[in-house]
Amino acid sequence: MLQLGIVSELARAVIERCHAIAGFSDHPSNITRLFLGEGMRACHTYLTAWMNSVGMQVDIDAAGNVRGFCPGTDASAGSILIGSHLDSVPNAGAYDGVLGVVLGISLVEGLAERRLPFSIEVIGFSDEEGVRFGVPFIGSRAVIGDLDRETLQIRDRTSMPLERVIRDFGLDPARLRDAVVSSSARAYLEFHIEQGPVLESIGVPLGVVEAILGQSRASLTFIGRANHAGTTPMQLRQDALCAAAEWITHVENAANSTQGLVATVGKLEAKPGASNVVPGEVTASLDVRHAVDSVRTRVIEELLQAAHEIGRRRGLQVESRVVVDQRAVSMDRELTHICERALERAGVRPHRMTSGAGHDAMIVARRLPAAMIFLRSPGGISHHPDETVHEEDITLALRAGIHLLEELSTCPLHT
Ligand code: GLV
Ligand code: MN
Ligand code: MN
């Protein structure tokens, strides 16, 4: 077992590492690290050097995931994956995703010369947020072999297809099959900040995730007619932004009247985008989440239908496309129990909870037993530069992680 003093030192270093990675951004003055952007390349260089220095072999797979490998002593024991994502939302905090990757490498660093029977693969996924292409989980989908040809053709806002972005980054999309996780992998573990207020409100530092809520995302385009803002009378306009605004209010009302549902229009783009032109075209994103999949799918259908009705009434054309329909996912029961025991051994009363945020674990769970440990989020703040985490909670997460790995070396999972 690691000495407490060493774990505290590692925890301090985890914070420093997350701050160093926060400096790798596509934007000069905030944290915005998108799929295979400039910030991601610098992040790859930093993580590769660190992982090499702790004895890991490193590879960047064809989807841009960083994979660090620490061999075990018994080839028949397979491997344990520890991962999270390296991309961010625009103007993000320093911990969402990155913390889980840094904790994974720190656990390997903490083991030092000690080797476990299984190998450990730490994965930093290239895209979980879906900001660049509007479609999330590109990294983890590649790892479970679910990145199809159609997805490779989706385009970013500059009309660049995903396949071309991969190629321009110096990777080979023809090698995506090699990114698929080996059949000897036994389990996937993800540490992540909670991104909400629950753990803080009950005074508990770490939580164990039982299930991750389902989510739908859609893209809508309201097509009206651009015209002169000074000469076009109100009754003769086909203002795409007014139609979108009416619909957004409808979305808010529908969410308020459905227990447990959250719906967000987080991105809106009006064209041509000038103060003296009636907006002719608006694209809007829609994100809908609920614990019960049938409620979520019913609401998203109703919201898309409402957009079409509003468009018809205002003489506009509306196009809509569902880009994500991800069902709610339960974490593996046995692995979740093992996580709870590890928390108890670290001196933490385990608290079970669901996650409203999506995570790579919900994708990897299709292929491997998956479990997640949450670290309390001070102020419940995330997807915001003020996002933070307590150093003492990182110390506890590292201790729980070591206990977890020890337990996994003595009790094979029943997969
Ligand atoms: C990931 O951050 C999500 O949108 O849930
Ligand atoms: Mn996020
Ligand atoms: Mn995240």
Side-chain angles (χ1 to χ4, degrees), residues 18 21-22 25 30-35 39-40 43 65-66 82-104 123-141 143 188-199 207 209 211-219 255 260-267 285-291 293 296 300 323-329 331 353-365 370-377 380-389 397:
C18 290
I21 292 170
S25 176
N30 67 40
I31 307 172
T32 301
R33 196 168 40 255
L34 304 192
F35 176 77
M40 190 63 80
C43 185
N65 300 311
V66 184
I82 306 178
S84 196
H85 59 100
L86 296 172
D87 66 320
S88 80
V89 294
N91 196 20
Y95 298 97
D96 176 4
V98 170
L99 177 67
V101 182
V102 170
L103 273 172
I123 308 189
F125 293 110
S126 55
D127 176 285
E128 181 265 6
E129 304 285 5
V131 175
R132 181 158 185 182
F133 288 94
V135 172
F137 307 120
I138 293 170
S140 43
R141 283 179 61 193
V143 166
Y188 173 79
L189 302 169
E190 182 165 354
F191 292 87
H192 203 286
I193 48 168
E194 180 203 338
Q195 306 184 276
V198 175
L199 291 173
V209 177
I212 305 175
L213 262 56
Q215 56 174 278
S216 296
R217 297 193 199 182
S219 168
L261 189 105
V262 286
T264 308
V265 178
K267 191 173 157 199
S285 65
L286 173 65
D287 180 311
V288 176
R289 306 185 192 201
H290 195 273
D293 289 332
R296 173 177 52 83
I300 193 143
V323 291
V324 176
D325 177 9
Q326 168 64 51
R327 63 178 178 82
V329 173
M331 296 291 94
M353 57 195 303
T354 52
S355 171
H359 296 290
D360 295 298
M362 72 198 304
I363 302 300
V364 183
M372 285 194 82
I373 293 177
F374 273 174
L375 287 81
R376 142 175 73 186
S377 283
I381 295 170
S382 187
H383 283 185
H384 188 280
D386 291 346
E387 174 184 282
T388 182
V389 64

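Each ligand, and each atom within it, is numbered from 1 in the order the structure gives.
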Answer yes or no: is there a side-chain heavy-atom contact under 4.5 Å between [X] and [Y]?
X: Q326; Y: I363; value: yes
X: V364; Y: F125; value: yes
X: L34; Y: E129; value: no
X: I212; Y: M372; value: yes
X: D87; Y: E128; value: yes
X: V288; Y: L261; value: yes
X: H384; Y: Q195; value: no

The N/O/S atom of H383 lying closest to the Mn ion (ligand 2) is NE2

Do D127 and R141 pass the salt bridge (charged side-chain N to carboxylate O under 4.0 Å, His left out) test, and can you show the C-alpha distance, the side-chain angles, and the key distance before you say yes or no?
-> CA-CA 10 Å; D127 176 285; R141 283 179 61 193; over 6 Å; no

*Check each protein residue for a heavy atom under 4.0 Å from ligand 1 and list those that pass, ordered by chain and number.*
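Within 4.0 Å of ligand 1, the protein residues are E128, E129, R217, R289, A357, G358, H383.
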
Does the side chain of E194 come under 3.5 Å of the side chain of S377 through a donor N or O and an acceptor N or O?
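There is no such pair (donor and acceptor under 3.5 Å, judged by atom type) between the side chains of E194 and S377.
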
- Task: May I ask you to decide if the ring planes of F35 and F133 are parallel, tilted or perpendicular, using 30° and 60° as cut-offs?
- Result: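 Perpendicular, since the angle between the ring planes exceeds 60°.
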
| field | Every N, O or S from the protein that is nearer than 2.8 Å to the Mn ion (ligand 3) | value |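 N, O, S partners closer than 2.8 Å: H85 NE2, D96 OD1, H192 NE2.
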
